[in-house]
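Data block below; observations after.
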Amino acid sequence: MTTAQPLDVQPTPLALLLLGREADPKSERGVECPGDLPSPSDPDLVERARAAKEKLGDKVFILGHHYQRDEVIEFADVTGDSFKLAKDAAAKPEAEYIVFCGVHFMAESADILTSDDQKVVLPDLAAGCSMADMATAEQVAECWDVLTEAGVAGSTVPVSYMNSSADIKAFTGKHGGTICTSSNAKKALEWAFEQGEKVLFLPDQHLGRNTAVRDMGMSLDDCVLYNPHKPNGGLTAEQLRDAKMILWRGHCSVHGRFSVDSVNDVRARIPGVNVLVHPECKHEVVAAADYVGSTEYIIKALEAAPAGSKWAIGTELNLVRRLANRFAAEDKEVVFLDKTVCFCSTMNRIDLPHLVWTLESLAEGTLVNQIQVDKETESFAKLALERMLALP
């Protein structure tokens with residue numbers, strides 16, 4: 001009988017990144033985490049977090065994005081989506097430290113909207129966003145050159161999703177555009193088409209396509225997809241001239257996983273189920289769903305749902321699981337749309353050890369992991385955000 005030999009399998013860099021054991025230096029900004037993190041098995045982590053937060057008092061304000069782990073949400077002063085949290089931070093000027101439990105672009109937005117006296121901290125600098133990383137400043141500048149060559153830049157208005165880096169927000173502000181969220185994308189596009197004939201939508205192709213076709217009555221033929229990895233974006237000058245929506249080839253790695261098969265499967269397994277998905281999902285998934293809306297919309301829809309109703313939710317698993325637990329007491333069945341477990345890997349990098357390390361460092365007077373946007377970038381990014389705030 002032959003003894004089985006252990007497999008000589010080495011984890012890939014990506015696998016290590018997802019496990020939180022390595023860093024990706026190309027993920028938005030720096031990813032180093034100086035200092036020693038507490039052990040995840042430390043039984044005193046919860047008490048240490050409480051003690052450090054209590055010591056800091058009103059000097060700290062902790063923001064928790066809906067997609068964060070429960071162990072982190074427990075210590076959040078407010079929860080919400082990225083833009084709501086950035087506004088909440090700006091409305092708390094007495095807080096010296098804004099600890100943003102989210103991802104990098106969210107902390108940047110908070111830094112842009114808060115005062116110079118406030119310091120925004122991200123517990124793990126490796127908590128980036130794959131969607132935001134899909135559009136770099138250099139790529140977008142090159143795209144604008146392509147549009148200029150095609151003779152359409154002058155009639156094109158950039159609209160950038162909140163889920164973008166400060167550099168992309170600044171580009172948008174500098175070129176007369178606005179920012180949008182998943183809940184006000186239609187208003188943003190309506191405003192943009194009053195300013196020009198075309199929209200360059202960054203960086204999420206699915207939100208742009210779904211809003212244009214589903215909410216504004218355009219056709220799929222009105223949309224073209226700009227691929228920054230191909231010469232001229234993979235498009236001809238004629239295609240750019242004919243298009244109304246120039247969509248950037250970016251997507252959310254979580255919402256992009258849902259498929260029409262997922263929808264069909266859950267309908268077969270749970271008769272009478274309501275399928276509710278985020279507009280970052282693919283167009284065919286949105287078309288197959290019963291309801292479509294932002295994270296806040298999803299929460300409010302479940303709050304208003306009658307007892308006994310059944311819901312399959314197409315968004316990040318931490319939130320879906322939290323909603324399932326919350327509404328079980330009201331006899332509402334809430335399930336994850338896909339059979340495959342799908343957390344947002346970068347959101348999950350912020351865990352209790354990182355939060356404890358951050359709070360204890362601040363309590364000892366040591367500023368860690370500060371997120372700072374340079375003044376020029378901040379001014380143009382803020383201009384784009386202010387245009388969004390002025391939308392009717």
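Just so we're clear, the structure is a prediction, and the values are computed from it rather than from any experiment. These values consider heavy atoms only, across backbone and side chains, with no hydrogens, waters or symmetry-generated copies.
Ion pair R48/E360 flagged as a salt bridge, since at least one NZ, NE, NH1 or NH2 atom sits closer than 4.0 Å to an Asp/Glu carboxylate oxygen. A salt bridge is defined here as a Lys NZ or Arg NE, NH1 or NH2 lying under 4.0 Å from an Asp or Glu carboxylate O, and K186 with D215 fails to meet this definition. Using a cutoff of 4.0 Å between basic side-chain nitrogens and carboxylate oxygens, D290 and R267 are scored as salt-bridged. Classification of E74 and R50 as a salt-bridged pair holds, one side-chain N sitting under 4.0 Å from a carboxylate O. Between R249 and D204, none of the side-chain N atoms (NZ, or NE/NH1/NH2) sits under 4.0 Å from a carboxylate O, so this pair counts as no salt bridge. Under the 4.0 Å criterion applied to side-chain N and carboxylate O atoms, D88 and K92 are not assigned as salt-bridge partners.
Side-chain contact of D145 with T148: a donor-acceptor pair under 3.5 Å is absent, judged by distance alone. Counted by atom type alone, S262 and S259 present one or more donor-acceptor pairs between their side chains at under 3.5 Å.
Relative ring orientation between H255 and F258 is described as tilted, the plane-to-plane angle lying within the 30° to 60° band.
Pairs of residues two or more places apart, or lying in two chains, that qualify as ring-ring contact (aromatic ring centres under 6.0 Å, His included) and include a residue from residues 160-179 are W144-F171, W144-H175, F171-H175. Listed by first and then second residue, the ring-ring contact (aromatic ring centres under 6.0 Å, His included) pairs that reach into residues 178-228 are Y226-W248, sequence neighbours excluded.
In terms of modelled atom types and a separation under 3.5 Å, the side chain of N184 and the main chain of K187 share no donor-acceptor contact. In terms of modelled atom types and a separation under 3.5 Å, the side chain of N210 and the main chain of C281 share a donor-acceptor contact. The closest donor-acceptor contact from the side chain of K332 to the backbone of A305 lies under 3.5 Å.
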Which is it for K375 and D116 under the salt bridge (charged side-chain N to carboxylate O under 4.0 Å, His left out) test, yes or no, and what are the steps along the way?
-> CA-CA 10 Å; K375 290 301 176 184; D116 291 341; 2.8 Å; yes
Go through D77 and K53 one step at a time and tell me if the salt bridge (charged side-chain N to carboxylate O under 4.0 Å, His left out) criterion holds.
-> CA-CA 11 Å; D77 293 303; K53 186 178 180 184; 3.0 Å; yes
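Annotation: the span from N318 atom CG to I73 atom CD1 amounts to 8.5 Å, rounded to 0.5 Å. Once rounded to the nearest 0.5 Å, the distance linking NZ of K230 with CG of N232 reads 12.0 Å.
Within 6.0 Å of the CD atom in E303, the count of heavy atoms belonging to other residues, nucleotides or ligands exceeds 12.
Seen from the ring of Y97, K59 does not count as a face-on cation partner, given the 6.0 Å and 45° thresholds.
Proximity of P38 to P353: side-chain heavy atoms (C-beta onward) are separated by under 4.5 Å at one or more points.
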